[in-house]
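Keep in mind the model is a prediction, meaning the values are calculated, not measured.
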Amino acid sequence: MDFDKLGDVMRRLSLEAGDKIMEIYNGPDFEVKTKSDESPVTVADEAADAIISAGLRAAFPDVTLVTEEQAATHGQTASTFLIVDPLDGTKEFVHRRGDFTVNIAYVVDGVPVRGVVYAPAKGRLFYTRPDGQSVEETGDFAKDTAGPTTPIKVSSPDNTALMVVASKSHRDQATDDYINKYAVKDMKSAGSSLKFCLIATGEADIYPRVGRTMEWDTAAGHAVLTGAGGHVVRFDNHEILGYGKVGFANPFFIAYAPGVELKQA
């Protein structure tokens, strides 16, 4: 894989998809449909998916593509592939809360090695450079020219005063019970894959997820966090979270800065 080309393509497609999402977000009311798994989907999910999948297939025709909005791609078996969630945080989008993201990742031998996470309503863009280092870009997000970037790095956590980030839409008692095993200084709520990025920038130390997710929900954020020095492990045995699983479903997991002393479930 040409990582320079991959980075340019993923960045540009995420920005183009973000433009389309914001056009719908700022427009008149849109229809919200319900998928077979009871999750919501909007015209924005579908429009963003069309932009990204067409662009990736044109640029990398020989690479397997898995995308949330195309059920036909979910039956594939691959260890190296591109994986897309065109609009993660649809509930945040529907309620116009802003915490939604565009996610594109490249997985090699089950490991997300490159990714982009773009939060268009928040004006935050995170991605892995061709060398694997994660950065946050600022500026006007021109499609063909990257603006100023700042390398990002996980925190050096204080285990007597941890910063925890958890889901806005999926908090439950099991999550709270696990968080209560730690000495917590402060708690943030964030939607979508932004939670991974808050750990990658050092704004939070740990994100436990005791709930259903799919690989397209996590791969891009996982790649960005890895490129900033962080880890994502299974909740049950603390082994590295792998990708390319049957049906692309994740177990529960913990994303964290390495200095966090992980507790057993």
Side-chain angles (χ1 to χ4, degrees), residues 3-26 44-45 47-49 51-53 55-56 59 67-68 82-90 92-93 96-107 112-155 165 168 188 190-204 207 216-230 232 255:
F3 285 129
D4 289 287
K5 177 183 177 183
L6 177 68
D8 289 344
V9 169
M10 291 199 305
R11 177 187 173 279
R12 176 175 52 79
L13 291 174
S14 71
L15 293 171
E16 290 177 358
D19 283 353
K20 174 56 76 172
I21 288 167
M22 292 308 294
E23 180 185 313
I24 296 164
Y25 184 74
N26 292 322
D45 298 74
D49 182 68
I51 290 167
I52 296 168
S53 58
L56 290 176
T67 170
E68 177 179 16
L82 289 156
I83 187 162
V84 175
D85 188 344
L87 203 174
D88 184 32
T90 301
E92 311 298 330
F93 177 84
R96 289 186 160 94
R97 287 198 290 245
D99 271 20
F100 49 84
T101 54
V102 179
N103 298 266
I104 309 172
Y106 179 55
V107 174
V113 295
R114 299 290 184 275
V116 57
V117 176
Y118 177 40
K122 293 193 168 294
R124 298 193 77 174
L125 175 62
F126 307 90
Y127 53 84
T128 47
R129 293 189 314 213
D131 65 1
Q133 165 71 49
S134 292
V135 296
E136 179 170 7
E137 181 179 328
T138 53
D140 59 3
F141 300 149
K143 302 293 186 298
D144 296 321
T145 309
T149 59
T150 304
I152 56 177
K153 189 174 186 299
V154 294
S155 65
V165 63
K168 270 188 175 158
K188 299 182 178 212
S192 70
S193 55
L194 277 172
K195 294 182 283 291
F196 292 96
C197 299
L198 293 178
I199 300 174
T201 60
E203 293 169 71
Y207 157 41
W216 46 77
D217 296 315
T218 61
H222 189 158
V224 168
L225 179 53
T226 298
V232 185

Taking the six-membered ring for Trp, is the centroid-to-centroid distance between F196 and F126 below 6.0 Å?
no

How about P112 and T226: do any of their side-chain heavy atoms sit closer than 4.5 Å?
no

Taking all non-hydrogen atoms of both residues, which atom of F100 and which atom of M22 are closest, and how far apart?
CZ-SD, 3.9 Å

Closest non-hydrogen contact found for D99 with A190 is OD2-CA, 3.4 Å

Straight-line distance of L87 CG to D85 CG, nearest 0.5 Å:
7.5 Å

Atom pair NE2/CG of H222 and N103 - distance to nearest 0.5 Å
13.5 Å

Spatial distance of atom OH (Y207) from atom NZ (K188) [nearest 0.5 Å]
15.0 Å

Less than 4.0 Å between a side-chain N and a carboxylate O, is that true for E203 and R124?
yes

Side-chain contact, heavy-atom cut-off 4.5 Å: R114 with F3?
yes

Between CG on residue D88 and CG on residue D217, distance to nearest 0.5 Å:
5.0 Å

Does the plane of the ring in Y118 sit parallel, tilted or perpendicular to the ring in F141? Use 30° and 60° as the thresholds.
perpendicular

Closest approach of K5 to A59 (non-hydrogen atoms, all atoms of both residues):
NZ-O, 3.0 Å

Less than 4.5 Å apart, side chain to side chain, heavy atoms only: is that true for V232 and T218?
no

CG/D131 to CG/D4 distance, rounded to the nearest 0.5 angstrom?
9.5 Å

Student check: side-chain heavy atoms of L15 and L125 closer than 4.5 Å:
yes

Minimal non-hydrogen separation, T128 against A223, with atom names
CG2-O, 3.5 Å

On a heavy-atom basis, the closest approach of A228 and A200 is CB-O, 3.4 Å

Could you tell me whether the side chain of V84 reaches within less than 4.5 Å of the side chain of W216, counting heavy atoms only?
no

Between R96 (side chain) and N26 (backbone), is there a donor-acceptor pair under 3.5 Å?
no

Enter the distance from R97:CZ to K122:NZ here, rounded to the nearest 0.5 Å.
11.0 Å

For the residue pair T101 and S193, confirm or rule out a side-chain donor-acceptor distance under 3.5 Å.
yes

When you compare the side chain of L194 with that of V165, does any pair of heavy atoms fall below 4.5 Å?
no

Mind checking whether C197 and E136 have side chains closer than 4.5 Å, heavy atoms only?
no

List the steps, then state whether side chain to side chain contact (heavy atoms under 4.5 Å, CB included) holds for E16 with L13.
CA-CA 5 Å; E16 290 177 358; L13 291 174; 3.8 Å; yes

Nearest heavy-atom pair of I104 and A220: which atoms, and what distance?
O-CB, 3.5 Å

